[in-house]
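A quick write-up on the structure given underneath.
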Amino acid sequence: MDKIIKSISKNGHFRAFVLDSTETVREAQRHHQTWPTSTVALGRTLIAAQILGANEKGDAKITLKILGDGAMGAIIAVADSKGHVKGYVKNRELDYKRASTGEVLVAPFVGNGFLVVVKDMGLKHPYSGQVDLITGEIGEDLAWYFLSSEQTPSSVGVNVLLDEDADTVKIAGGFMLQALPDATDDEISEIERNIKTMPAISTMLESDNPLETMLANIYGEMPYLSLEETPLSFECDCSKTRFLEGIKSLGRQPIEEMIAEDHGAEVVCQFCEEKYTFTEAELQALISE
């Protein structure tokens with residue numbers, strides 16, 4: 001089962017989230033039938049959104065948009081504070097050679113553009129923040145967002161490793177580390193050394209106790225406390241009722257055209273590819289209310 005562990009150093013100077021999102025990304029690949037490069041790009045964005053969601057409380061929803069000018073097109077993910085995430089990538093059929101290390105390269109196909117975070121706290125107007133994409137590899141871009149928009153020095157790593165034979169998701173996960181206001185320069189240098197020398201995320205996720213292994217490598221000699229453990233999952237909240245309300249909002253004329261031309265309607269959810277069919281009678285009922 002996928003999960004996230006939130007932790008804090010015992011002196012209160014650092015906090016870290018570590019995630020195993022393997023099943024989450026597998027589900028996304030299954031729903032969208034993405035090809036390898038698109039799978040990795042979407043998977044990294046979903047993991048980044050889960051990190052952002054874990055940073056919130058209550059019923060807040062976070063939308064993360066990777067808006068690059070490359071062949072990938074837009075990547076959108078929506079997460080909540082309870083570990084649920086959904087998302088899609090515009091171009092799901094990208095498959096290019098890996099680097100010499102076997103890693104799938106994402107940045108060349110994301111291109112230049114923006115990372116946008118929209119926080120819906122249930123208030124009248126959602127909060128929106130935007131930064132330039134600095135690498136297009138997603139993790140570094142999210143760290144830049146935390147620094148520039150929230151003034152919090154952060155290190156973020158997200159990784160999706162594919163099975164070399166089947167191009168299915170073998171392992172996926174990541175971490176976020178943040179320095180809190182009381183962190184000293186010496187402590188920051190110590191933590192930076194830990195991050196630079198720790199094994200690859202995929203290697204740690206394949207260990208017997210993956211999240212504990214990540215935390216041990218992040219903190220090194222610094223004592224820490226695990227605060228909270230939350231399950232993670234790919235979960236779409238679409239429904240026939242919600243789409244019916246969406247059709248109703250179009251107004252009488254478009255609905256009458258659907259009835260006259262198509263004798264019904266079919267809607268496909270962008271986030272999970274679920275199809276909803278509406279009969280002529282169901283559409284007629286909308287304009288008869």
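Position 1 is the first residue of the sequence; numbering continues from there.
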- Query: Taking the side chain from T197 and the backbone from R193, do they hold a donor-acceptor pair closer than 3.5 Å?
  - Reply: yes
- Message: Apply side chain to side chain contact (heavy atoms under 4.5 Å, CB included) to residues L46 and L42 and explain how you reach the verdict.
- Response: CA-CA 6 Å; L46 293 171; L42 176 59; 4.1 Å; yes
- Query: Run the salt bridge (charged side-chain N to carboxylate O under 4.0 Å, His left out) check on D237 and K61 step by step: do they pass?
  - Reply: CA-CA 12 Å; D237 54 356; K61 283 195 174 182; 2.7 Å; yes
- K65 side, atom NZ; I76 side, atom CD1 - distance, nearest 0.5 Å: 5.5 Å
- Message: Assigning hydrophobic clusters by single linkage (Ile, Leu, Val, Met, Phe, Trp, Tyr; side-chain heavy-atom cutoff under 4.5 Å), is L250 placed with L244?
- Response: yes
- Task: Return yes when atom CG of D69 has more than 12 non-hydrogen atoms of other residues, nucleotides or ligands closer than 6.0 Å, and no otherwise.
- Result: yes
- Query: What about V267 and V78, same hydrophobic cluster or not, with Ile/Leu/Val/Met/Phe/Trp/Tyr joined at side-chain heavy-atom distances under 4.5 Å?
  - Reply: no
- Task: If the plane angle is over 60° it's perpendicular, under 30° parallel, otherwise tilted; pick one for H32 and F234.
- Result: perpendicular
- Task: Without swapping roles, check the side chain of S81 against the backbone of G58 for a donor-acceptor pair under 3.5 Å.
- Result: yes
- Message: Please check this pair: side chain of E282 against backbone of T279, looking for a donor-acceptor N/O pair closer than 3.5 Å.
- Response: yes
- Task: Salt-bridge test for R26 and E23: reply yes if a basic N is under 4.0 Å from a carboxylate O, no otherwise.
- Result: yes
- L205 and M214: CA distance, side-chain angles, deciding distance, side chain to side chain contact (heavy atoms under 4.5 Å, CB included) verdict: CA-CA 8 Å; L205 285 171; M214 262 200 276; 3.6 Å; yes
- Item | Criterion side-chain contact (heavy atoms from CB on, under 4.5 Å) against L177, the qualifying member of V156, I191, V18 | I191
- Message: A quick test of your reading: do over 12 heavy atoms of other residues, nucleotides or ligands sit less than 6.0 Å from NZ of K119?
- Response: yes
- Message: side-chain hydrogen bond (donor to acceptor under 3.5 Å, both in side chains) for Q50 and S21? Distances and angles first, verdict last.
- Response: CA-CA 9 Å; Q50 287 176 322; S21 303; 2.7 Å; yes
- Can you tell me how far OG1 of T152 sits from CG of N55, rounded to the nearest 0.5 angstrom? 8.0 Å
- Message: Donor-acceptor check, side chain of S149 to backbone of F146, threshold 3.5 angstrom: yes or no?
- Response: no
- Query: So, R30 and E27, do they make that salt bridge, N to O below 4.0 Å?
  - Reply: yes
- Side-chain donor/acceptor of D167 to backbone N/O of P36, under 3.5 Å: no
- Rounded to the nearest 0.5 Å, how far does CD1 of I62 lie from CD of E56? 4.0 Å
- Message: Is it the case that over 12 heavy atoms from other parts of the model lie below 6.0 angstrom from the CG atom of N11?
- Response: yes
- Message: Given 3.5 Å as the limit, does a donor-acceptor pair link the side chain of E235 with the main chain of H84, or not?
- Response: no
- Task: For the pair D185 (side chain) and I188 (backbone), establish whether a donor and an acceptor sit closer than 3.5 Å, ignoring hydrogens and angles.
- Result: no
- Message: For the CD1 atom of I47 and the CZ atom of F17, what is their distance to the nearest 0.5 Å?
- Response: 15.0 Å
- So with a 6.0 Å cut-off around NZ of K170, is the heavy-atom count from everything else above 12? no
- Below 6.0 angstrom between ring centroids: does that apply to Y96 and F109? yes
- Query: Can you tell me if Q178 and S154 form a side-chain donor-acceptor pair at under 3.5 Å?
  - Reply: yes
- Taking atom CD of Q151 as the centre, does the number of heavy atoms from other residues, nucleotides or ligands within less than 6.0 Å exceed 12? yes
- Message: So does A77 get a backbone contact from the side chain of T45, meaning a donor-acceptor N/O pair under 3.5 Å?
- Response: no
- Check the pair D20 / K3 against salt bridge (charged side-chain N to carboxylate O under 4.0 Å, His left out), numbers first and verdict last. CA-CA 6 Å; D20 183 344; K3 62 182 177 180; over 6 Å; no
- Spacing of OG belonging to S239 relative to CD belonging to E274, to within rounding of 0.5 Å: 10.5 Å
- Task: Give the C-alpha distance, both sets of side-chain angles, the deciding distance and a yes or no for side chain to side chain contact (heavy atoms under 4.5 Å, CB included) between V268 and K275.
- Result: CA-CA 4 Å; V268 180; K275 293 182 180 180; 3.7 Å; yes
- Hey, is E273 close enough to R92 for a salt bridge, meaning N to O under 4.0 Å? yes
- Query: Any donor-acceptor pair under 3.5 Å linking the side chain of D2 with the backbone of S233?
  - Reply: no
- Hphob cluster co-occupancy, V40 + L67, side-chain heavy atoms under 4.5 angstrom: no
- Message: Here's one to test your reading of the geometry: is the NZ or CZ of K240 within 45 degrees of the ring axis of F278 and under 6.0 Å from its centre?
- Response: yes
- Check whether the side chains of S7 and Y219 place a donor and an acceptor atom closer than 3.5 Å, and report yes or no. yes
- Give the intermediate values and the outcome of side-chain hydrogen bond (donor to acceptor under 3.5 Å, both in side chains) for residues D95 and T37. CA-CA 5 Å; D95 180 10; T37 306; 4.8 Å; no
- Query: Does R252 pair with E256 as a salt bridge, N-O distance under 4.0 Å?
  - Reply: yes
- Item | T213 side-chain N/O to L211 backbone N/O, donor-acceptor pair under 3.5 Å | no
